[in-house]
Student: 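Sharing a structure with you now.
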Amino acid sequence: MNIPSDLRYTEEHEWIRVADGIATVGITDHAQEELSDVVFVELPEIGREVEEGEAIAVVESVKAASDIYAPLNGEITEVNNGLEEEPSLINEEPYEGGWLFKVKVADNEQVEGLLDADAYEEHLG
Amino acid sequence: MSESKKSPLDELHRENGGRMVDFAGWSMPVMFKSILEEHKAVREEVGIFDISHMGQLFVEGEGAGEWLDRMLTNNVASLGDGEGQYTFLLNERGGVIDDLIIYRVSATSYFLVVNASCLEQDVAWLGQHLPEELTLRDESEKMAGMAVQGPKSADVFSRVLGGRTLPTRNGVDILKEDGQEILVCRTGYTGEDGFEFFCRQADAERWWREFQDAGAVPCGLGARDTLRLEKCYPLNGSDLSPERTPLEAGLGFFVDLKKDDFVGRDVLAEQKEEGLTERLAAILYDGKGSPPRPGYPVVDEEGNQVGTLTSGALSPSLGQGIALAYLPVELAKVGTPLAVEVRGRKVSAKVVKKPFVR
């Protein structure tokens, strides 16, 4: 199980990479493996203001549709349009080409509240 | 909740990395590595499915065929020794209790393969109508089943059972291997060439390993579902129900209304005479879109709900959404534009000719 040490995580199996006040969000290696073949992704609109815990995207595998929650408050600045043609990127490279969306961080304290790699690994049990 | 039944192949599935789910009261693998890869293996090469959850019944005695002809919709009398056919067991209202395959082993012995979820009901229904001179034997607890499916399934068969030949399409053959009887049927639920293989539970692992070593890729229920849906084979409990007749499901080919009598015949004859009001239609997305799933509403061009999906998936072969739904006959015509509502959004689609994949 790949859990990069430089990323932050949520208990809902999302990873967050924060750089220059922008949080890039995706789903973890564990999550993509649980879902298996991702065949469709529904992403939020750019410019939308989202709140932590709000269901804002959907990742669909052959068997099921799974909600993806905003890990932080903020504005959606970018989404990964490449997933429309190639949703399997989420399975192949969950931490790179399979990213979902970017959020402009509104509240730095929320970033501090995210899990680090060790805490996420512990959460997986 | 009661404990799920375990297939005789349960341990082997876990060893193979099978992801186990509950299906019709059984713990069965939904997938091993990837539903998409398993689907592809069956369309292009060969895969193997555990079908031990399905029920195996034998009806035996003088006049078994005549009696079964009154219980089932298809023409049992037309079967010769070693031949099989797809058929329905109906209730008095013409609704589907079960869809099954019946094989004539001999004039006094018929082999029925029925759905896991319907086994108890089938046995009760058949038992309730069974004449004294016939016996109904439920071998489901003793037998294991596996389906080897795909264009290369015959190669796998000859590699494992060299020297034997497969029965012809829809046929059945009883083989003896190491003193044990094995039933081999040239049937399946994927639309590809293949065979279904029934043996003693104690021998299940051995045969699965041999088929796997001969090239068959382990496949789960997930791929089984996308494969059958592309071919528009109905799933009982979803596309078929006690409230729907085989005519409404578009499966009149397997109903012989020329037979004098069978349970449900009058209702079906009347339905045919008066015309249907609803029919199971094949719905294809116009473009890309969130995969259709059972339970999603189907709406007409004005946005009124006209039906509900009974089955749906993103077709691995087409890369597009495919689904089935009962629709008013005037909308069930090929070419009718519709939309499937996914989380409040409409995805445009149209009614197409069955099957989705030829």
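Protein chains get the first letters and strands the later ones, always in sequence-line order, with residue 1 at the start of each.
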Student: Does atom NZ of B:K231 have more than 12 heavy-atom neighbours from other groups under 6.0 Å away?
Tutor: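 Yes, the 6.0 Å shell around NZ holds more than 12 heavy atoms from other groups.
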Student: Quick one: which of B:R293, B:R345, B:R19 has the most heavy-atom pairs under 4.5 Å with chain A, could you say?
Tutor: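 That would be B:R293.
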Student: With a 4.5 Å heavy-atom cut-off (strictly below), which parts of residues 38-64 of chain A touch chain B? List them by number.
Tutor: A:V39, A:F40, A:E42, A:V58, A:E60, A:S61, A:V62, A:K63, A:A64
Student: Is it the case that atom NZ in A:K102 sees more than 12 heavy atoms from other parts of the structure closer than 6.0 Å?
Tutor: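 Counting other residues, nucleotides and ligands, NZ of A:K102 exceeds 12 neighbours.
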Student: Answer with side chain, backbone, both or neither: which region of B:L36 has an atom nearer than 4.5 Å to a non-hydrogen atom of chain A?
Tutor: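 For B:L36, heavy atoms of backbone and side chain both lie under 4.5 Å from chain A.
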Student: If we define contacts as heavy-atom pairs under 4.5 Å, which of B:K33, B:E37, B:K288, B:H39 has the most with chain A?
Tutor: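 Heavy-atom pair counts peak at B:K288.
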Student: Residues in side chain to side chain contact (heavy atoms under 4.5 Å, CB included) with A:D116, at least two apart?
Tutor: A:R8, A:D118, A:A119
Student: Going by atom type alone, with no hydrogens or angles, which donor-acceptor pairs under 3.5 Å involve a side-chain atom of residues 346-358 of chain B and a protein atom two or more places apart or on another chain?
Tutor:
residue : atom : partner : partner atom : Å
B:S348  : OG   : B:D286  : OD2          : 3.0
B:K350  : NZ   : B:D286  : OD1          : 2.9
B:K354  : NZ   : B:L280  : O            : 2.8

Student: With a sphere of 6.0 Å drawn around CD of A:E121, does it hold more than 12 non-hydrogen atoms of other residues, nucleotides or ligands?
Tutor: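 Not more than 12 within 6.0 Å, no.
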Student: The criterion is side-chain hydrogen bond (donor to acceptor under 3.5 Å, both in side chains); which residues satisfy it with B:N115, sequence neighbours excluded?
Tutor: B:D98, B:D99
Student: I'd like to verify something: which residue of B:G319, B:S34, B:G222 has the highest number of heavy-atom pairs under 4.5 Å with chain A?
Tutor: B:S34
Student: Around atom CD of B:Q305, are there more than 12 heavy atoms from other residues, nucleotides or ligands closer than 6.0 Å?
Tutor: yes
Student: Quick check for you: to the nearest 0.5 Å, what is the distance between A:D67 atom CG and B:R343 atom CZ?
Tutor: 7.5 Å
